[in-house]
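In what follows, every chain begins at residue 1, and chains take the letters A, B, ... in the order their sequences are listed.
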2 protein chains.
Amino acid sequence: MDRYAPAAFGGILTFGGINLSRAESALLARQLGAIQTHRPNVRLLSEGDMLDRPRLIRSGWACRVRFLSDGRRQILNYYLPGDILGLSLDPDPVALAGYASLTRLMTMEVGTLRTLALDRPDEYPELAAACRRMKVHEEFYLLAQITRIGRQKAYERVAHLLLEFYSRLSRTGLAEGASFQLPLTQEALADGLGLSAVHVNRTFKLLKRKNYVRVERGTVTLLEREALAEMCGFREPEDLFQVDTVPHKTAVSF
Amino acid sequence: MDRYAPAAFGGILTFGGINLSRAESALLARQLGAIQTHRPNVRLLSEGDMLDRPRLIRSGWACRVRFLSDGRRQILNYYLPGDILGLSLDPDPVALAGYASLTRLMTMEVGTLRTLALDRPDEYPELAAACRRMKVHEEFYLLAQITRIGRQKAYERVAHLLLEFYSRLSRTGLAEGASFQLPLTQEALADGLGLSAVHVNRTFKLLKRKNYVRVERGTVTLLEREALAEMCGFREPEDLFQVDTVPHKTAVSF
DNA sequence: CGAAGGCTTGATTCAGATCAATTCTTGTGG
DNA sequence: CCACAAGAATTGATCTGAATCAAGCCTTCG
């Protein structure tokens, strides 16, 4: 059941929610690699591995993760359908953390695309730009992750992460209205949020009671998206690139 | 009093602890830009700003930071002497968070170096490699930051961050034996560690009592570096690149 | 149908936050 | 060189958000 979108719509290639033109998609279509499936909760790459074979996620969710010696687990970031596992524009790239599947996963090898983006960016400008943009987004989400777990309350963290998921899935066409499929266990959320699974559960209960969200069978509905975003200070990465329209948000003191 | 090292030793350029050859340093030496000083706790760049003018830190410490609407502050990463503020290899780079000084700061404009690294990497291979390496280190430290604040105890967090500072300063020649100058307030540490300033203070007291560290006048001495690293799971980024020597550390379960 | 994994809930504990003084430093101006 | 003011560091007392422990209850799915 690959309910989570294909990353190519009618011949248009999409990476991390960024569409290539039909023309460039056509050029690249025959460069796509083999498809693999992976079961949930398996290690895909280990710290220190070479990242020369990035894989595009066609369905399912994955993450980067680090373990402490006593078994504590920290999820560093999540990868959703359309994201690329192990994308690096470095000529000699190394995994800075482990990569693991969180659900059943279907991936496609895109090592060739990586090579093209690196060696002939001029021939594939959109591909190269999409790769760079994906890296920027990845860093943006890392920074969001730090702010969430460093300075936000449990209910803010959960709200913020749900908004991030919604935003990212929307870009890939995987949200329906205000709803999306969330295939993660509460434990997988907890390990990303720096909380215990029990407390994630209670926090969901709180958000439901306050009518911020509805959750039924793995489907999350954000009922008050504006209010939710306001409450937890959520911002889209796109906001950063439209500096001309919005006047500069004069930030808090010093 | 710029007690914190110059980033150039006898004509050798050093970026983030990575030395260029004498030859390439000589080629680049005349491309260095103007020097500026900045007072402590001022905003250097805001979210969304163009990053076309990176600045090398010659002395002092800085950080990237994000504020919540009620004034809570999260420090995302720290920049030490020899680091570059706003380094990006993207053609059209944007600040993903604010940049601020934490101490008095002396910086040097290195926009020209950025341009050379981008446009003529073949002529300046070491410069280009150093820039890439710095970006990798930066991401490595972001991941460490996430693990610290997401899943470690206060005393582990503090120990881990001190080890990181020691490691980074050592590479630039700014550590003396087991000691280094730590010019940050406990509040600046707290905002990076996701703790309150009071608790940082108490945690220092604990680490002192256990004879892990000594602190006097802004000088930190790591008394039991091995034990400390073991206790908090600290690892050097270099470990990742020497996969051949060390057999693969089979990590915790799945 | 049964087993296993995930979810939910209650009871209890605890790490770290918050509040409130007091000292200690450090930089400044006279 | 000294006095002081402002900012840091330190300490105590108290509170609280989230962890932990421990059942029970749902869903899946073979």
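Of the two residues near DNA chain C, B:G218 and A:K208, the one whose nearest nucleotide lies more 5' is A:K208. Place A:E187 and B:V198 on DNA chain C by their nearest nucleotides, and A:E187 ends up nearer the 5' end.
With D:dA19, D:dG12, C:dG16 as the choices, the nucleotide that has an atom nearest any side-chain atom of A:L195 turns out to be D:dA19. Of the candidates D:dA18, C:dT9, D:dT10, D:dT10 carries the atom nearest the B:N201 side chain, counting heavy atoms from C-beta on. Comparing atom distances between the A:K153 side chain and each of D:dG17, C:dT18, C:dT9 picks out D:dG17 as nearest.
Closest approach of B:C63 to B:I75, counting heavy atoms only: CB-CG2, 3.7 Å.
On a pure distance criterion of 3.5 Å, no polar donor-acceptor pair joins the side chain of B:R157 and the base of C:dG16.
Regarding B:R202, its CZ atom lies at a distance of 8 Å from the P atom of D:dG12, rounded to whole Å. Counting to the nearest Å, the P atom of C:dC24 and the NZ atom of B:K205 are 14 Å from each other. Summarising the geometry, the separation between NE2 on B:H199 and P on D:dG17 is reported as 17 Å, rounded to the nearest angstrom. For A:L206 and C:dT9, the CG to P distance is 13 Å, given to the nearest whole Å. The interatomic distance linking B:L207 (CG) with D:dA9 (C1') rounds to 16 Å, in whole Å. One can place CD of B:E216 at 17 Å from P of C:dC24, the figure rounded to the nearest angstrom. When the P atom of C:dA17 is taken as reference, atom CD1 of B:I149 falls 12 Å away, rounded to whole Å. Between the CZ atom of B:R73 and the C1' atom of C:dA17 there is a distance of 17 Å, given to the nearest Å.
Contact annotation for A:T185: backbone-only contact, meaning every heavy-atom pair under 4.0 Å involves sugar-phosphate atoms and none involves a base. Within the 4.0 angstrom heavy-atom criterion, only backbone atoms of the sugar-phosphate kind lie near B:R217; the bases stay farther away. Counting non-hydrogen atoms under 4.0 angstrom, A:G194 reaches the backbone sugars and phosphates but no base.
At a threshold of 4.0 Å, the pair B:E230-B:R225 does not count as salt-bridged, since none of the basic side-chain nitrogens sits closer than that to a carboxylate oxygen.
Distances shorter than 4.0 Å separate none of the side-chain N or O atoms of B:Q186 from OP1 or OP2 on D:dG7.
At least one test fails for A:R148 against the ring of A:Y141: distance under 6.0 Å to the centre or angle within 45° of the axis.
B:R64 and B:Y79 form a side-chain donor-acceptor contact under 3.5 Å, judged by distance and modelled atom types alone.
For residues 194-234 of chain B, the set of pairs meeting the ring-ring contact (aromatic ring centres under 6.0 Å, His included) definition, not counting sequence neighbours, comprises B:H160-B:F234.
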